[in-house]
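Below: one structure, written as structure tokens.
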Amino acid sequence: MSELTENMPKKNPLSLQIDPKRFEPASEDEKAQQDVMHASTSFFRDGMRKLMKNPLAVASIITIVVIILMILIVPKVVPYGYDEIIRVNGSRDKTVTNLAPFQYSEKEQAAIAAGETIFPHIMGTDSLGRDYFVRVVEGAKVSLSVGLFASILVLIIGVIYGSISGYKGGRVDLIMMRIVDIIYSLPDVLIIILLSVVLNQTLDPNNPIVKALGTNMVAIFVVFGLLYWVSMARLVRGEILQIKNNEYILAAQAMGGKSGHIIRTHIIPNCISVIIITTALQIPSAIFTESFLSFMGMGVQAPMPSLGSLANSARQGLQSYPWQLIFPAVLIVLIVLAFNLLGDGLRDAFDPKLRR
Amino acid sequence: MSETNKSEYLVEVNHLKEYFPIRTGWGKTTMLKAVDDVSFAIKPGETLGLVGESGCGKTTVGRTLLHLYKPTDGEIRFNGELVTSKNVHKFRKDMQMVFQDPYSSLDPRMTVEDIIGEPLDVHKLYSTKAERHQKVLDLMSLVGLNAEHATRYIHEFSGGQRQRIGIARALAVNPKFIVCDEPVSALDVSIQAQVINMFEELREKLGVAYLFIAHDLLIVHHISDRIAVMYLGHMVEMAEADELNDNPIHPYTLSLLSAVPVPDPEKARANKRIILEGDVPSPLNMPSGCPFRTRCRFATEQCAKERPALTDRGNGHMVACWNK
């Protein structure tokens, strides 16, 4: 230490300069403290860590996983089909309709007494004598897949439309956004009713897609593809307009990057979190719309159940068999709530604007 | 003239104009003359400083020069070859840019390695991943960054380090010419000195030419061979750095230089500040004739009628003024 301080300039007695003698060189240990830095984390990993710290988001992930597992496992375990009227030893049983949860019909009781094992009706049966549990699970599957596919449809159309509009800017943007404004002002339920009427007349009933889904479902998908992408398109456009103003886009242009390169390496990675979050929030809204339309009788075609149509048909026996309404309604609430909370959690974890 | 120029100058700008249409009402557009008739030339390895106050068109000159904005009029020549929107791609490798704001000019979602390697990707300057990695590491050590910084993200760096990353990115393609758009004005003074010294070192090592845009006359004087002064989209004076500093002619340059702080209190007291009256006129509504006449002490009737051209006052000292 003394050797070092001797080499230092002498302190002027009048100066306010700090006396170098009062300093000592840092030891290797102290220097090492400066070197230790936290491990470099990627944006995605950082976001996932934040998401996992959010109890509501974790609970909703668990809920969604449980519902999906149920959809996958139940049809394998429960021996009834969703459109199958329950028969006991091959013969019709008149008392099998509208059973309460875990209740057996008269013939089933007789069969159990005779030593047979009969799988319990966990949620009872409906007015036609079909196992309600299987129908509710099948309805959840239909509702979830409608929500998922409609959201993917919205995602694809909205992102492509929005990024073209935002990236091109100027007159192209002006025209494209006025089209969005027009679509925004169309009443969606009216369009769905009109479309399902028109599609009923025009669609080929032997078309395998139409056969599987029914014209109402096709109408719902067409409406999602036609109308519901606009908010996604607006959001993506706004995000891209903002990203485009950053100098790193200009830097990429200055180094000779073409539009495709700039969109791929800079614009999409910077707005991907917003897109994911919006898609996650789009799923419950699509499920809700589908349930609402099915409840109104414009959704899936019988005998295919959806949570909305199950709730609708339960209305008639509401006073005698309230559980037939409660089960699908609770499941709708669970699914929609879980996706909404997950979307909120994703936004909190990934939106850089909320981080600062 | 063009024959001799071809060998002498790396970058030539002749009568460059950049107008932006601004909507001023229903269906009405007015031209904002950001850059109006600017000409200059830069030799290989030379640094031209470009100074002027905010909004005078310095940045626009730099960006138009690289065809980031399409020039309204005028020509840009690189190595004697005319640069147009169609063939600009082949010049991209030779002309690069360092940006003012080290926070927004680097993509927050990319690692340092990817940022510096991006120009290598664009121009496909490597054959294997290992070669790319090595090139990036070489560039990082050239600008004084450690190899372990390569995997980090931008938010983990200070302003000075970010600017070094930006400079490394510009150097990745071995450019002959770099537009430095106020590269140090966002940094604090101690870091400014480091970065400026680095620019000088790189010039000596690599022989690049700079167009150094700044509003700090001291810094520009320190780094530049020649200095050009801009006012309201026009070039008002251009001379060798020392010549301009010791012997300014244009009244605007005089007032700019009088505002530079002098680190000697005796001299500073003797130095009389020339305070300009009024504000900079709106570029949408330019004064007739000389753009500076509304704030000039020497303005005469002639100034209102006709715009003075840049004329040589000896030794390549160009001034655009009727009276001085």
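Residue numbers begin at 1 in each chain, while the letters A, B, ... track the order of the sequences. Please read these numbers as outputs of a predicted model, since none were measured by experiment.
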Assess whether side chain to side chain donor-acceptor pair (under 3.5 Å) is satisfied between B:Thr59 and B:Asp181, documenting all intermediate values. CA-CA 6 Å; B:Thr59 299; B:Asp181 185 4; 3.2 Å; yes
Among B:Thr111, B:Leu106, B:Leu66, which residue forms the greatest number of heavy-atom pairs with chain A at distances under 4.5 Å? B:Leu106
So which part of B:Met110 gets closer than 4.5 Å to some heavy atom of chain A, the side chain, the backbone, both or neither? side chain
Results of side chain to side chain contact (heavy atoms under 4.5 Å, CB included) for B:Cys180 - residues two or more places apart only: B:Ile178, B:Pro183, B:Phe199, B:Tyr210, B:Phe212
Could you go through residues 282-289 of chain A and list every donor-acceptor pair under 3.5 Å that involves a side-chain atom there, pairing it with any protein atom two or more places apart or in another chain?
residue  : atom : partner  : partner atom : Å
A:Gln282 : NE2  : A:Ser285 : OG           : 3.4
A:Thr289 : OG1  : A:Ser285 : O            : 2.7

Would you name the heavy atoms of B:Ser105 and A:Tyr248 that are closest together and state the gap between them? O-CB, 3.3 Å
Is any residue of residues 116-130 of chain B within less than 4.5 Å of chain A by heavy atoms, and which ones? B:Glu118, B:Pro119, B:Val122, B:His123
What part of A:His261 is in contact with chain B, defined as an atom under 4.5 angstrom from a non-hydrogen atom: side chain, backbone, both or neither? side chain
Whether over 12 other heavy atoms sit under 6.0 Å from B:Lys93 NZ: no
So which of A:Ala251, A:Gly257, A:Ala252 has the biggest tally of heavy-atom pairs under 4.5 Å with chain B? A:Ala251
Set of side chain to side chain contact (heavy atoms under 4.5 Å, CB included) partners for B:Pro71, sequence neighbours left out: B:Leu16, B:Glu18, B:Thr64, B:His67, B:Ile76
Check whether any side-chain N or O of B:Arg164 sits under 3.5 Å from a backbone N or O of B:Leu142 as a donor-acceptor pair, and report yes or no. no
Give the ring-plane orientation class for A:Phe221 versus A:Phe149, where under 30° counts as parallel, over 60° as perpendicular and anything between as tilted. perpendicular
